[in-house]
Amino acid sequence: AEGEHGLGSGPAISRGSTINPKVFDLLAETAEAEGIEYTLEVSAGTTSTDMDAMYLSRAGVATGLVSIPLRYMHTPTEIVDLADVEKCARLIAAFAIRLDPHASFAR
C-alpha cells in the first residue's frame, strides 16, 4: 500500500503522462504482492531522469520509474535509508521475474 513520502517509506513509484499505465500497474501489483511498502509519486510531464530519453526513443518505449527517497540531492550530504535501497532492488527484481515475454504494453 502507499506509504508517506520520505526516508524509510520504501520505493517511490511514479505515475504520470510519460509513465506507461500497464508498467505502473505491474510495479504497484508487484510491490503489494511482495509486501513492499511504496510511495506514489506524481510526475507532470518530464521526470528529469534518463527515463525521459527512453520514453521518446524511436516509436516510444513503455517505461516506468522507481526512485529511492532521498534528501539533499546532488550535495556531499545526500542521504538515503539503506532499507529503501534494498526494497527498490527487491521490487525491480520481482517486477522483472513477473514480466511475461509476450506481454503487450501498448496503450
Side-chain angles (χ1 to χ4, degrees):
E2 294 173 40
E4 290 185 30
H5 192 62
L7 298 181
S9 64
I13 303 174
S14 292
R15 178 163 216 155
S17 60
T18 59
I19 308 294
N20 182 284
K22 292 180 181 179
V23 174
F24 169 82
D25 288 344
L26 186 56
L27 282 165
E29 289 167 11
T30 301
E32 292 186 17
E34 297 292 320
I36 300 170
E37 180 184 16
Y38 68 93
T39 300
L40 179 62
E41 185 170 64
V42 177
S43 166
T46 61
T47 65
S48 300
T49 68
D50 292 339
M51 192 212 79
D52 295 334
M54 294 185 337
Y55 166 74
L56 296 171
S57 293
R58 301 181 186 235
V61 176
T63 54
L65 182 59
V66 176
S67 302
I68 301 169
L70 56 83
R71 289 189 188 144
Y72 317 121
M73 183 186 295
H74 304 305
T75 72
T77 58
E78 187 169 285
I79 297 173
V80 299
D81 183 324
L82 292 177
D84 289 336
V85 176
E86 186 217 338
K87 290 174 186 173
C88 285
R90 282 182 40 222
L91 173 58
I92 293 168
F95 172 83
I97 290 168
R98 287 172 170 255
L99 282 175
D100 177 347
H102 304 292
S104 170
F105 290 99
R107 290 184 184 212

message = If I compare all heavy atoms of Ser9 with all of Pro69, which pair ends up nearest, and what's the gap?
response =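 Minimum heavy-atom contact is OG-CG, 3.9 Å.
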Report the distance from atom [atom1] of [X] to atom [atom2] of [Y], rounding to the nearest 0.5 Å.
X	Y	atom1	atom2	result
Asp25	Ile19	CG	CD1	12.0 Å
Cys88	Ile13	SG	CD1	8.5 Å
Lys22	Phe105	NZ	CZ	8.0 Å
Leu7	Ile68	CG	CD1	11.0 Å
Ser67	Asp84	OG	CG	11.5 Å

task = Report yes or no: do Val85 and Val66 belong to one cluster of Ile/Leu/Val/Met/Phe/Trp/Tyr joined by side chain heavy-atom distances under 4.5 Å?
result = no
Common cluster, Tyr72/Val80, ILVMFWY with side-chain heavy-atom separation under 4.5 Å = no
Side chains of [X] and [Y] in contact at under 4.5 Å (non-hydrogen atoms):
X	Y	answer
Glu86	Asp81	no
Tyr38	Thr30	no
Ile36	Pro11	yes

Show the atom names and distances, to 0.1 Å, of all donor-acceptor pairs under 3.5 Å that link a side chain in residues 90-104 to residues at least two apart or in another chain.
residue : atom : partner : partner atom : Å
Arg90   : NH2  : Glu34   : O            : 3.3
Asp100  : OD1  : His102  : N            : 2.9
Ser104  : OG   : Ala106  : N            : 3.3

